[in-house]
2 protein chains.
Amino acid sequence: MSYNLISKKEIEDAHLRIIPYINQTPIMSSQQINNIFGCEILFKCENFQKVGAFKTRGAVNAVFSLDQEQKKYGVCTHSSGNHAQALARAASLANITAHIVMPNNAPKVKVAAVKDYGGKIYFCEPSQDAREELLKEVMEETKATFIHPYDKLEIIAGQATAAKELINSVSDLDMIIAPVGGGGLLSGTALSNYYFSKNSLVIGAEPKNADDAFRSFNSGEFVSAGNPKTLADGLLTSLGDFTFPIIKEYVDKIFTCSEDNIVKSMQLIYERMKIVVEPSSAVALAIIMENPDFFRNKKLGIIISGGNVDLEGFFNTFET
Amino acid sequence: MSYNLISKKEIEDAHLRIIPYINQTPIMSSQQINNIFGCEILFKCENFQKVGAFKTRGAVNAVFSLDQEQKKYGVCTHSSGNHAQALARAASLANITAHIVMPNNAPKVKVAAVKDYGGKIYFCEPSQDAREELLKEVMEETKATFIHPYDKLEIIAGQATAAKELINSVSDLDMIIAPVGGGGLLSGTALSNYYFSKNSLVIGAEPKNADDAFRSFNSGEFVSAGNPKTLADGLLTSLGDFTFPIIKEYVDKIFTCSEDNIVKSMQLIYERMKIVVEPSSAVALAIIMENPDFFRNKKLGIIISGGNVDLEGFFNTFET
């Protein structure tokens, strides 16, 4: 198997497959943000996607691509983030079981959300080894199909549909920017650009504190993420066996940004655009902030990855 | 002059007048919020309006309704809130001067925003008397036309266009809910419902801590707001000579809500809808929270009034 196994038709099929179960998210812009940065930015708002993140696209595509035999045994994954919720929801739509391995320190709201979608949760110690070990046990016991959070062709084809919708709506983008963690969104974005646009550059955006994709891309050799510390908690993972080669071939450049600029970008998006985004989403605007000359006067598409952020602290500050 | 001076045609004309200068804001909904409250809620998102609030509609209508003679001398008002920004922007679009009296303790961001739109600012002591006195001086000196924040027919006709757009898009609402402070938005909403729908009830939403409209409406006698304390800082003012009679005749009911439920509603809107709204906007959802039986199984339109909220504290909590 190699990355070119994802054809144009497979992305088109993925889109047709998932359309009944996803939101066609809006594309928004802010004159004020455009003025600040001296470029035109169109935000593809996957924070308004089902379960609040683009992960819904890949999860639905993966679940609805299973054959009848596979569906009998359900699906499984390990995740404490948006993929867990997205997979639990997709499985419930297909009327199959989702077995989700989560660390026992996962936020209560995320555990509750997976449960609400009918997911069956297996708690493990919060380490990569413990996760993988328990997942292996669950797979052996249940025969469920493992749906990797990003390094799986059906997942990549699903995530590709966000950029496909953006390109369908806005044909003359100079560049498309997507955040990169494991690379599911960025590799899908790059493939959609290759098949449906070809005119735009594709740019990855990554926190400086978790710059393994940046280093992998520039050296050509896989660099592991290690154990990074960044506010962009959706971007902690390493590239995968599928995502890295796609990114190497179809992505034009990766920029990194500071934690400070992630927060500043997030604040700009909240205050000027009036939308709620998670830190991982703000990374794309943060690289524009750090590289103004590169982006000046350009027409840019940004994939806003999601809007799942813990606001409890903010609302506790109101005195009632 | 009496309230019935605002005809159907005047609201239609206002809409045509302002359309080039405003956003046709989206109508959004959340399946999760609908499930929680057992009703269908459609949010008319004026947080996505120019300057982040519905106030833009009235301000643009008032400014572009001036005759040539009036335009020479510009406009003036006293406001520390959204009206000040909205009027400064409208004046700059019409290429006339906006003279804005603001209290000297107004938030810096609001002062800066008015300046950015080219407004001329006059600082006064933070009291109602000082405001009015300085405004009077400014008016005498400049001959500028006073654009009251809400108690002015052109303002009410402008604010009415938000509900008009909502009704145009969704014809079969059981009720339309709008927050009430001075009553510009609520009276406009009620008139648009009367002229363009007639099938819906119109409900006002007010904080219990600033329940002067509720008491005025129910007693039939004007009650002053006094000096209320509520998080919903857009709803501190008293009804006016125009807005009260319109509300008395065309509004069906006013509900009040607690400060706790304002915060809870705001949090729900941020977390489930992924949009930024100011506390005044959350009051409409808060009255549904407090009166579930009244609203159950109904199809409801809510006017989200704006999204201008100070998020500095929240973003300071991020450790970078």
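Just so it is clear: chains get the letters A, B, ... in the order the sequence lines come, proteins before strands, and each one is counted from 1.
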When you compare the side chain of A/M266 with that of A/L231, does any pair of heavy atoms fall below 4.5 Å? no

Less than 4.5 Å to any heavy atom of chain B: does that hold for the side chain of [X], its backbone, both, or neither?
X	answer
A/N209	neither
A/I275	both
A/M273	backbone

Taking atom types as modelled and ignoring hydrogens, do the side chains of A/E40 and A/S29 form a donor-acceptor contact shorter than 3.5 angstrom? no

How far does CG of A/L300 sit from CG of A/L173, to the nearest 0.5 angstrom? 8.0 Å

If you apply the rule side-chain hydrogen bond (donor to acceptor under 3.5 Å, both in side chains), what do you find for B/T25 with B/E46, and how did you get there? CA-CA 6 Å; B/T25 53; B/E46 290 292 298; 2.6 Å; yes

Using 30° and 60° as the class boundaries, would you call the ring planes of A/F314 and B/F314 parallel, tilted or perpendicular? tilted

Find the one option among [options] whose heavy-atom pairs under 4.5 Å with chain A are most numerous.
options	answer
B/K274, B/E259, B/E312	B/K274
B/M28, B/E271, B/R272, B/Q267	B/Q267
B/T230, B/L311, B/I262	B/L311

